[in-house]
There are 2 protein chains.
Amino acid sequence: MIQQKIGVRIKELRISLGLSQEKFALKIGMDRTYFASVEAGKRNISINNLEKIINGLELSFSDFFSGMED
Amino acid sequence: MIQQKIGVRIKELRISLGLSQEKFALKIGMDRTYFASVEAGKRNISINNLEKIINGLELSFSDFFSGMED
DNA sequence: TTGTGACTTGTAGTCCGTG
DNA sequence: GCACGGACTACAAGTCACA
């Protein structure tokens with residue numbers, strides 16, 4: 001399931017930035033509990049919200065997905 | 001807006017496969033009119049539906065986004 | 001063959017908490 | 001700092017008639 005792989009990828013990148021879920025969610029203007037469920041792979045996120053996250057991780061879509069484990 | 005860039009990218013790839021919107025939508029099990037609106041960049045598509053489309057285009061997420069114009 | 005407006009239903013997404 | 005839940009509201013999913 002793609003949403004789970006995305007969650008894993010987001011988590012590893014957020015941690016590498018040294019930010020908590022809460023701080024990161026705040027930074028990108030997203031609800032803390034919703035962001036947590038995305039990271040847990042439980043949400044079928046929309047592309048606009050995924051863009052918010054990827055921007056917050058300071059990556060391009062291409063880089064985000066090219067580094068994703070399959 | 002990311003959804004518009006995605007629509008453009010999908011359209012160019014679908015055409016390169018030589019398929020109509022209808023045939024492609026049928027192939028991936030998606031409603032034709034819904035697919036048309038995604039191609040037109042009018043829908044904030046979810047990651048699971050985008051996955052269906054990208055699979056139908058026979059590409060990886062990475063390749064899909066690496067070829068996207070910005 | 002494709003574009004679009006209108007509509008209903010399911011779930012994305014928000015906000016309040018808890019251990 | 002994180003996982004989880006309840007109760008909401010907003011919006012994506014999915015379908016149709018018609019151009």
Side-chain angles (χ1 to χ4, degrees):
Chain A
M1 211 53 166
I2 187 70
Q3 64 198 54
Q4 287 163 358
K5 292 190 271 179
I6 285 176
V8 170
R9 177 80 171 133
I10 290 171
K11 184 170 191 174
E12 84 185 15
L13 290 164
R14 172 183 61 79
I15 289 174
S16 77
L17 289 179
L19 295 174
S20 68
Q21 288 182 345
E22 184 159 17
K23 289 211 167 140
F24 185 78
L26 188 68
K27 172 185 176 184
I28 64 174
M30 184 172 281
D31 182 71
R32 154 184 77 79
T33 66
Y34 178 66
F35 178 75
S37 67
V38 169
E39 250 194 23
K42 294 180 177 168
R43 296 290 188 144
N44 178 20
I45 193 173
S46 71
I47 199 68
N48 286 344
N49 268 337
L50 181 58
E51 184 183 29
K52 269 198 207 171
I53 293 174
I54 290 180
N55 286 344
L57 294 170
E58 288 155 27
L59 281 181
S60 65
F61 270 84
S62 179
D63 287 341
F64 179 83
F65 284 105
S66 69
M68 204 165 80
E69 46 195 81
D70 49 308
Chain B
M1 212 53 166
I2 186 70
Q3 66 198 54
Q4 287 164 359
K5 291 190 271 178
I6 285 176
V8 170
R9 178 79 171 132
I10 291 172
K11 183 169 191 174
E12 86 185 14
L13 290 164
R14 173 183 59 80
I15 289 174
S16 77
L17 288 180
L19 295 175
S20 67
Q21 287 184 345
E22 184 159 19
K23 289 210 166 143
F24 184 77
L26 187 69
K27 172 185 177 183
I28 65 174
M30 184 172 281
D31 183 74
R32 174 191 74 76
T33 66
Y34 178 68
F35 177 75
S37 66
V38 169
E39 251 194 21
K42 297 190 171 160
R43 299 280 190 149
N44 178 19
I45 193 174
S46 72
I47 199 68
N48 286 344
N49 268 339
L50 182 57
E51 183 183 28
K52 267 199 210 171
I53 293 173
I54 291 178
N55 286 345
L57 294 170
E58 288 154 30
L59 280 180
S60 65
F61 271 84
S62 178
D63 287 340
F64 179 82
F65 284 105
S66 70
M68 204 166 77
E69 46 196 79
D70 49 307

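Throughout, protein chains are lettered first and strands after them, A, B, ... in sequence-line order, and every chain is numbered starting at 1. Bear in mind that the values here come from a model prediction, so they are computed numbers and not experimental data.
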Taking only the side-chain heavy atoms of A:K42 (C-beta and beyond), determine which of C:dT2, D:dC4, D:dG1 contains the nearest atom.
D:dC4
Could you work out which one of C:dG3, C:dT14, D:dG14 sits closest to the side chain of B:Q21?
C:dG3
Can you check the A:I47 CD1 to D:dC11 P distance for me, whole Å?
18 Å
For the side chain of A:R14 and the backbone of A:L19, is there at least one donor-acceptor N/O pair under 3.5 Å apart?
yes
Under the 3.5 angstrom rule, does the side chain of A:N48 hit a backbone N or O of B:N44 as a donor-acceptor pair?
no
To the nearest Å, give me how far apart NZ (B:K11) and P (C:dT2) are.
8 Å
Start at the 5' end of DNA chain C and walk down; is the nucleotide closest to B:E39 or to A:N44 reached first?
B:E39
Please state how far atom NZ in A:K52 lies from atom C1' in D:dC11, giving the value in whole angstrom units.
13 Å
Please pick, from C:dG3, D:dA12, D:dA3, the nucleotide with the shortest atom-to-atom distance to any side-chain atom of B:S46.
D:dA12
A:E22 has an atom CD; how far is it from atom P of C:dG17, in whole Å?
14 Å
Would you mind reading off the distance between A:F35 atom CZ and D:dA3 atom P, rounded to a whole angstrom?
10 Å
Interatomic distance, B:Y34 OH vs C:dA6 P [rounded to whole Å]
19 Å
Check every atom of C:dC15, D:dG1, D:dA13 against the side chain of A:D31 and return the nucleotide holding the closest atom.
C:dC15
Among D:dT15, D:dA13, D:dA3, find the nucleotide with the atom closest to the side chain of B:I45.
D:dA13
OP1 or OP2 of D:dA13 less than 4.0 angstrom from a side-chain nitrogen or oxygen of B:N49, does that happen here?
yes
What nucleic acid atoms does B:K23 come within less than 4.0 Å of, heavy atoms only: base, sugar-phosphate, or nothing?
nothing
Using heavy-atom distances to pick each residue's nearest nucleotide on DNA chain C, tell me which of B:N48 and B:R43 is more 5'.
B:R43
Counting C-beta onward and ignoring hydrogens, is there a side-chain heavy-atom pair between B:L17 and B:L13 closer than 4.5 Å?
no
What is the distance, to the nearest angstrom, from the CD atom on B:Q3 to the P atom on D:dA13?
10 Å
How would you label the contact of B:T33 with the nucleic acid (heavy atoms, under 4.0 Å): base, sugar-phosphate, or nothing?
base
Could one point to a donor on the side chain of B:R32 or the base of C:dG3 with an acceptor on the other under 3.5 Å away?
yes
Spell out, as yes or no, whether a donor-acceptor pair under 3.5 Å connects the side chain of A:R32 to the backbone of A:Q21.
no
Cationic tip of B:R43 within the cone over B:Y34's six-membered ring, i.e. under 6.0 Å and within 45° of the normal?
no
With a 3.5 angstrom cut-off on both distances, give the Watson-Crick or G-U wobble partner of C:dT1, or none if there isn't one.
none
